[in-house]
Amino acid sequence: MSSSVIRTLGLKKYFSGQTKALDGVDLDVRAGEFIAVMGASGSGKSTLLHLIAGLTRPTSGEVLIEGHDPAGMSDNALTRFRRRRIGLVFQRFNLIPHLTALENIMIPLLAEGKNRKNAIKRASELAGTLGITGQLDQFPDTLSGGEQQRVTLARALSLDPAILLADEPTGNLDSLSSQRICEILDRLCRDEKRIILLVTHEPSVAVWSKRLLILKDGRLIADRPTSDFQDAHHLAAAYQQAVEDRSDKKERKCAE
Ligand code: ADP
């Protein structure tokens, strides 16, 4: 078995000493895993992604990415490490409006010191993979939501990261564009052995993953192979049940 690429140990993040956004999460992720993270709003999903990306530091516990602890790096080292090893895709596309799609995809490449010619070559290759070659000269506000998200994805993949963290990447998309993004993510895992950690509240998106994590009140309450579920309806029902079971147990414990 290959070793973990992402490992979290007793990971906690408390805000203002009161809010337990994440309350002790242990997780091991291996190369090529496609993982969906589900949970109610406020259950700690984004916090988990932010901690893995080193965008925020844990209150206690540890994150190890390929054996490195982002919390122990200087800001400069962390920025470089993140740029090279971790691609980030969020619900809001965060594209720069006055740059074309091509120029947006090229940003990390130029920031890493690649020359313009090589950056254009790499950006064009990615645009081909993601099916947006015809849109490269357009500005973001002339693109559909699905196209904008594919530009964001191309930008996140430009430096060939081992890990792609996606926070509700299909949240603003119609169901067809959403499924198209899922197909691309699936391919990135299968063919390129990238890790995808995808936060979503949509069972029709989560069902594309191979492993389902459910968070509740900052704790991991389920970690199951997605093959346990026949389809998105079945996954949605199992998700509801996991969340409710946990509430029942908590209530019973309080009553005892
Ligand atoms: P989710 O992504 O599952 O909706 P989050 O990880 O965003 O949940 O948030 C988990 C909890 O932590 C919530 O109660 C949220 O209000 C709180 N939280 C998140 N970020 C901050 C912050 N920067 N300051 C204070 N509280 C925060």
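Just so you know, residue 1 is the first one in the sequence shown, and it goes up from there. Ligands are counted one by one from 1 in listed order, and the atoms in each one are counted from 1 as well.
- For ligand 1, the polar-atom distance check finds no N/O of F15 at less than 3.5 Å from any of the ligand's N/O atoms.
- Using modelled atom types, one finds no donor on one side chain facing an acceptor on the other under 3.5 Å when comparing E183 with W208.
- Here the heavy atom of the protein found nearest to atom 3 (O) of ligand 1 is K45 NZ, 2.8 Å.
- For atom 4 (O) of ligand 1, the closest heavy atom belonging to the protein is G42 N, 2.7 Å.
- Distances shorter than 4.0 angstrom do not occur between any heavy atom of S16 and any atom of ligand 1.
- S46 and D167 are linked by a side-chain donor-acceptor pair at a separation below 3.5 angstrom, with hydrogens and angles left out of the test.
- Taking atom 6 (O) of ligand 1 as the reference point, the nearest protein heavy-atom neighbour is T47 OG1, 2.5 Å.
- Looking at heavy atoms from C-beta onward, L213 lies in side-chain contact with R211 at the 4.5 angstrom threshold.
- K13 and T56 share a side-chain donor-acceptor pair at under 3.5 Å.
- At least one N or O atom of S46, backbone or side chain, sits closer than 3.5 Å to an N or O atom of ligand 1.
- R7 is not listed as a side-chain neighbour of E62, based on a closest heavy-atom distance of 4.5 Å or more.
- Protein heavy atoms are found less than 4.0 angstrom from atom 19 (C) of ligand 1.
- Using 4.0 Å as the threshold, G39 has no heavy atom nearer than that to any atom of ligand 1.
- Residues I65 and M73 fall within the same hydrophobic cluster, defined by Ile, Leu, Val, Met, Phe, Trp and Tyr side chains chained together at heavy-atom separations under 4.5 Å.
- In this model, a donor atom of one side chain and an acceptor atom of the other lie less than 3.5 Å apart for S177 and D174.
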Check against side-chain contact (heavy atoms from CB on, under 4.5 Å), L215 and V25 = CA-CA 9 Å; L215 279 172; V25 169; 4.2 Å; yes
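- In this structure, atom 12 (O) of ligand 1 has protein heavy atoms in its sub-4.0 angstrom surroundings.
- Of the protein's non-hydrogen atoms, the one nearest atom 16 (O) of ligand 1 is T19 CG2, 4.8 Å.
- For ligand 1, the atoms lying closer than 4.0 Å to a non-hydrogen atom of A40 are 3 (O).
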